[in-house]
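Quick note: numbers below take in every heavy atom, side chains included, and nothing from hydrogens, waters or symmetry partners.
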Amino acid sequence: MNETATQLTAPLRARAEIDLGALRANVRALRALSPGAAVMAVVKADAYGHGAVPCARAAVEGGATWLGTATPQEALDLRARAGLPDGVRIMCWLWTPGGPWREAIEADLDVSVSGMWALEEVTDAARAVGLPARVQLKADTGLGRSGCQPGDDWVELVDAALRAESDGLLRITGLWSHLACADEPGHPSIDAQLVLFREMVAYAEERGVRAEVRHIANSPATLTRSDAHFDLVRTGIAVYGISPSPEVGSSADFGLRPVMSLKASVALVKQVPGGHGVSYGHHYVTPGVTTLGLIPVGYADGIPRHASGTGPVLVGGKWRTVAGRVAMDQFVVDLGGDELEAGAEAILFGAGDHGEPTAEDWAQAAGTIAYEIVTRIGTRVPRVYVNEVVGEGGPGVGPEVVPEIIPGYEGDDVAQGSDVKRSGT
Ligand SMILES: *Cc1c(COP(=O)(O)O)cnc(C)c1O
């Protein structure tokens, strides 16, 4: 459920503004950081909560030539709905037995194969469809998750894939792997994985594999390890302008700008006496006479309950802290006596350069990572796209071009000089 269908002309309870100009600029920045490699924008999980179709298009406009998803269904949806230019490659890697291999071949997806069961299913599908599959062989170089183990397993998989290739059933388009600890620069496993990756690639190439792309770098490795870029970098979180971890650096260090801003309309402001318990369990008690502001988003909207008592919100020009528990649909902040109007804007997080907290601040408050903060924002929160048109937006673009939602706004009008459109995501 979302509120776009019923509330097109009303001010919104809450919204996630998605700055597509910032997203395009982030992809350009990542291209500049990895000059020898192509960029894959990872748009799994509805583009980390930002909206897969608009973000995929904007990433391509910014220069990404590949898109990556986890599930085949995500990749098939993009191919069907995103209207991408010819030649944009889409890769998906999280397959389970009986998956939609035929549909994937017909949709010209690149599919990942980590083991013999998958190779058998994809070659059966290719035979049935009468078209070769684009197959990327995945090596487990130490993550201990998906991927083919080095040694006998890799030998068997590579040799079987080469036989299927010579039978015309597939093209081996890629050799790839994934890093375990790239968000901890200097972690010894990074070098060890790179050494093993080179060995596993070398074995495949000696046997005759001629892959278009070899790749292992996620966002943190793209930002910190140019020796891991190979032919393609698979960037997710950096595309959305968020640093993978504080150890890697801040997003600004890399010229990246957060794409999502989460805003809500204060639902109620009221004065209460001292000693007043606030929200379920009364884990916050007002220290004296004060004003409380009701923020109408809760854990059903993806606000972490673990941020009870800690999450930061910009309201009335100051940072406030979640007072007491985050409930399903709402939480409260102590406004310290400030008399704000209901309807005042509350910014939970945004780009951070105009005084508001960031998704990384929320991650710290909730004891998690910023990936989870943006990805969990629920479907009840409408995504509002700004700077959709190529040429607008980019680094340094501040909220002055981010439009307020004007009551009575309808359809295609340009709001305050910037294009804005509500989406049903
Ligand atoms: C999610 C994912 C990525 C992107 O990771 P980021 O840290 O967000 O850049 C890259 N590769 C694989 C296999 C993934 O699952």
Side-chain angles (χ1 to χ4, degrees), residues 3 7 10-17 49 242 258 260-370 372-374 376-378 380-384 399 402 404-405 407:
E3 296 168 2
Q7 297 198 346
L12 295 171
R13 168 186 71 105
R15 61 189 185 275
E17 284 179 4
I242 294 172
M260 182 189 290
S261 298
L262 183 65
K263 302 181 178 180
S265 180
V266 175
L268 179 70
V269 178
K270 64 181 180 182
Q271 204 176 68
V272 295
H276 202 303
V278 176
S279 192
Y280 293 131
H282 280 179
H283 290 279
Y284 183 79
V285 177
T286 55
V289 175
T290 190
T291 44
L292 298 177
L294 181 64
I295 312 297
V297 286
Y299 61 77
D301 302 297
I303 309 306
R305 191 166 175 277
H306 278 101
S308 296
T310 59
V313 187
L314 181 70
V315 190
K318 296 181 198 156
W319 278 37
R320 324 284 179 164
T321 304
V322 175
R325 282 208 182 130
V326 174
M328 186 181 292
D329 314 300
Q330 46 196 303
F331 65 85
V332 174
V333 292
D334 188 335
L335 297 173
D338 292 352
E339 296 283 356
L340 299 171
E341 297 286 319
E345 183 175 71
I347 307 182
L348 283 80
F349 59 82
D353 48 4
H354 287 77
E356 74 277 29
T358 62
E360 292 165 62
D361 292 320
W362 272 83
Q364 211 160 30
T368 183
I369 54 176
E372 191 179 4
I373 297 296
V374 291
R376 285 172 60 108
I377 297 306
R380 197 166 65 173
V381 177
R383 273 58 170 173
V384 177
V402 176
E404 290 307 299
I405 304 306

Spacing of [X] atom [atom1] and [Y] atom [atom2] [to the nearest 0.5 Å]:
| X | Y | atom1 | atom2 | value |
| --- | --- | --- | --- | --- |
| Ser279 | Tyr284 | OG | OH | 12.5 Å |
| Tyr299 | Arg305 | OH | CZ | 6.5 Å |
| Met260 | Leu348 | CE | CG | 11.5 Å |
| Lys270 | Leu294 | NZ | CG | 8.0 Å |
| Leu314 | Ile347 | CG | CD1 | 5.0 Å |
| Gln271 | His276 | CD | NE2 | 11.5 Å |

In the structure I gave you, are the side-chain heavy atoms of [X] and [Y] within less than 4.5 Å of one another anywhere?
| X | Y | result |
| --- | --- | --- |
| Thr368 | His306 | no |
| Val266 | Glu341 | no |
| Trp319 | Asp361 | yes |
| Val313 | Trp362 | yes |
| Thr286 | Pro273 | no |
| Val384 | Leu12 | yes |
| Leu340 | Thr291 | no |

### Query
With Ser261, which residues qualify under side chain to side chain donor-acceptor pair (under 3.5 Å), at least two apart?
none
For a quick test of reading the model, state the closest non-hydrogen atom pair linking [X] to [Y] and the distance between them.
| X | Y | answer |
| --- | --- | --- |
| Val326 | Pro304 | CG2-O, 3.8 Å |
| Ala323 | Asp334 | CB-N, 4.1 Å |
| Ala370 | Glu360 | CB-CG, 3.7 Å |
| Ser308 | Arg325 | OG-CA, 3.3 Å |
| Arg380 | Met328 | NH2-O, 3.8 Å |
| Val297 | Ala14 | CG1-CB, 3.5 Å |

### Query
Is Arg383 reaching over with its side chain to a backbone N or O of Gly49, donor-acceptor style, under 3.5 angstrom?
yes
### Task
Indicate yes or no for a side-chain donor-acceptor contact from Thr358 to the backbone of Gly352 under 3.5 Å, with no hydrogens or angles considered.
no
### Task
Let me know which of Leu262, Ile369, Ile242 forms a side chain to side chain contact (heavy atoms under 4.5 Å, CB included) with Val374.
Ile242
### Query
Is any NZ, NE, NH1 or NH2 atom of the basic residue among Asp301 and Arg13 found under 4.0 Å from an Asp or Glu carboxylate oxygen of the other?
yes
### Message
If you apply the rule side chain to side chain contact (heavy atoms under 4.5 Å, CB included), what do you find for Thr290 with Leu335, and how did you get there?
### Response
CA-CA 7 Å; Thr290 190; Leu335 297 173; 5.7 Å; no
### Task
Report the C-alpha distance between Asp338 and Arg320 in whole Å, list the side-chain angles of each, state the deciding distance to 0.1 Å, and finish with yes or no for salt bridge (Lys or Arg N to Asp or Glu O under 4.0 Å).
CA-CA 11 Å; Asp338 292 352; Arg320 324 284 179 164; 2.9 Å; yes
